[in-house]
Amino acid sequence: MRTFTSKQLAEICIKILRASGASEGEAEIVTNILVEANLRGQDGHGVLMLPRYLEQVKKGLMKFGVKVETVRETPSTALLNGEWGFGQVIGVEAMEVAIEKARSHTIGLVGVFNCNHIGMLAHYPMMALEHDMIGITLCNSSPEVAPFGGRARKLGTNPIAIA
């Protein structure tokens with residue numbers, strides 16, 4: 001099996017994303033978070049997600065180059081429409097907005113809708129930690145788990161990450 005350094009892996013991912021239509025900024029954000037997941041041992045949220053993302057782009061379920069829209073906003077909150085762009089790009093923008101609001105108003109709470117898979121959840125609260133802030137990221141998910149005693153998938157895993 002061939003082994004790649006994280007730098008080589010990132011270069012390959014960026015080339016693939018750019019060739020598929022992503023901007024340089026989108027490609028870098030998505031790649032950085034995917035490779036970070038692999039380096040943290042969370043391979044299920046690492047670069048193996050790239051083919052799935054590109055398939056979603058082909059199906060029109062995920063879009064390059066979207067502009068995240070602020071739907072509602074207060075001094076300490078915001079609601080963003082992700083316009084079905086790459087979840088990592090939307091997640092980074094949402095956390096940046098939350099950090100700026102918290103800097104000015106003690107708390108920043110940002111909700112997002114029309115968002116795709118955001119990858120490794122831990123990345124986003126760690127962004128707040130870099131500013132000496134507490135970061136919390138929550139998200140919903142598709143039904144993946146049967147309830148106790150059940151046979152059908154009815155519950156999402158609905159992960160939470162705190163830093």
Side-chain angles (χ1 to χ4, degrees), residues 1-71 78-99 108-130 135-146 152-163:
M1 179 182 353
R2 182 147 182 215
T3 303
F4 296 92
T5 66
S6 59
K7 183 179 178 186
Q8 291 170 323
L9 193 57
E11 289 170 356
I12 292 166
C13 288
I14 287 173
K15 285 179 182 176
I16 291 170
L17 284 162
R18 293 287 287 141
S20 300
S23 70
E24 187 69 32
E26 285 174 312
E28 286 181 10
I29 290 170
V30 173
T31 294
N32 290 343
I33 295 171
L34 292 177
V35 172
E36 178 185 353
N38 286 115
L39 292 172
R40 290 177 60 121
Q42 296 184 352
D43 295 327
H45 285 71
V47 296
L48 69 80
M49 293 299 295
L50 198 53
R52 175 180 162 192
Y53 294 162
L54 296 178
E55 186 62 34
Q56 288 179 330
V57 169
K58 285 180 186 174
K59 291 179 179 178
L61 301 173
M62 190 179 289
K63 301 172 187 169
F64 292 120
V66 302
K67 175 148 176 41
V68 175
E69 176 192 4
T70 302
V71 177
L79 178 62
L80 307 179
N81 180 351
E83 302 286 345
W84 297 112
F86 274 78
Q88 290 89 342
V89 175
I90 298 162
V92 165
E93 184 167 338
M95 185 53 78
E96 288 172 347
V97 170
I99 289 166
L109 179 63
V110 178
V112 176
F113 64 97
N114 293 338
C115 182
N116 283 294
H117 187 262
I118 65 173
M120 183 184 68
L121 213 60
H123 177 81
Y124 309 98
M126 295 295 287
M127 290 173 61
L129 193 62
E130 291 173 9
I136 302 172
T137 303
L138 315 136
C139 73
N140 64 340
S141 63
S142 302
E144 298 290 336
V145 181
R153 297 175 179 188
K154 299 290 183 184
L155 305 173
T157 56
N158 306 322
I160 300 171
I162 303 170

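If you're wondering where the values come from, they're calculated on a predicted model, not measured in any experiment. The figures that follow rest on heavy atoms only: side chains count, while hydrogens, waters and symmetry mates do not.
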Could you tell me whether the side chain of Phe86 reaches within less than 4.5 Å of the side chain of Ile29, counting heavy atoms only?
no
Rounded at 0.5 Å granularity, tell me how far CG in Asn116 sits from CH2 in Trp84.
6.0 Å
Which atom names give the shortest non-hydrogen contact between Cys13 and Thr31, and what distance separates them?
CB-OG1, 3.4 Å
What's the shortest heavy-atom distance between Val66 and Lys63, and which atoms?
CG1-CB, 3.7 Å
Could you tell me the separation between the CG atom of Asn140 and the OG1 atom of Thr157, rounded to the nearest 0.5 Å?
9.5 Å
Would Ser20 and Val57 count as a side chain to side chain contact (heavy atoms under 4.5 Å, CB included) here? Give the steps.
CA-CA 9 Å; Ser20 300; Val57 169; over 6 Å; no
State whether the side chain of Asn38 and the backbone N or O of Val47 hold a donor-acceptor pair below 3.5 Å, judged by distance alone.
yes
d(Met127 CE, Glu96 CD) to nearest 0.5 Å is 4.5 Å
Looking only at heavy atoms, what is the nearest atom pair of Val112 and Ala94, with distance?
CG2-CB, 3.7 Å
Output the distance between atom OH (Tyr124) and atom CD (Gln88), rounded to the nearest 0.5 Å.
5.0 Å
Which value, rounded to the nearest 0.5 Å, describes the distance between Leu34 atom CG and Leu17 atom CG?
7.5 Å
Smallest heavy-atom separation, Ser6 atom then Val35 atom, equals CB-CG1, 3.9 Å
For the atom pair CZ (Arg18) and NZ (Lys15), what is the distance rounded to the nearest 0.5 Å?
12.5 Å
If every non-hydrogen atom of Ala37 is compared with every non-hydrogen atom of Met120, which pair is closest and at what distance?
CA-SD, 3.6 Å
Criterion side chain to side chain contact (heavy atoms under 4.5 Å, CB included) on Val30 and Val89, from CA distance to verdict
CA-CA 7 Å; Val30 173; Val89 175; 4.1 Å; yes
Would Met95 and Val110 count as a side chain to side chain contact (heavy atoms under 4.5 Å, CB included) if you check the C-alpha gap in whole Å, the side-chain angles of each, and the deciding distance to 0.1 Å?
CA-CA 7 Å; Met95 185 53 78; Val110 178; over 6 Å; no
Please enumerate all residues that pass ring pair (Phe, Tyr, Trp, His ring centres under 6.0 Å) together with His45, with sequence neighbours excluded.
His117
Are Leu129 and Met126 side-chain neighbours, meaning at least one heavy-atom pair lies under 4.5 Å?
yes
Does a side-chain heavy-atom distance below 4.5 Å link Glu83 with Val68?
no
If you compare all heavy atoms of Pro125 against all heavy atoms of Thr137, which two are closest, and at what distance to 0.1 Å?
CD-OG1, 3.1 Å
Quick one: does His123's side chain get under 4.5 Å of Val92's, heavy atoms only?
yes
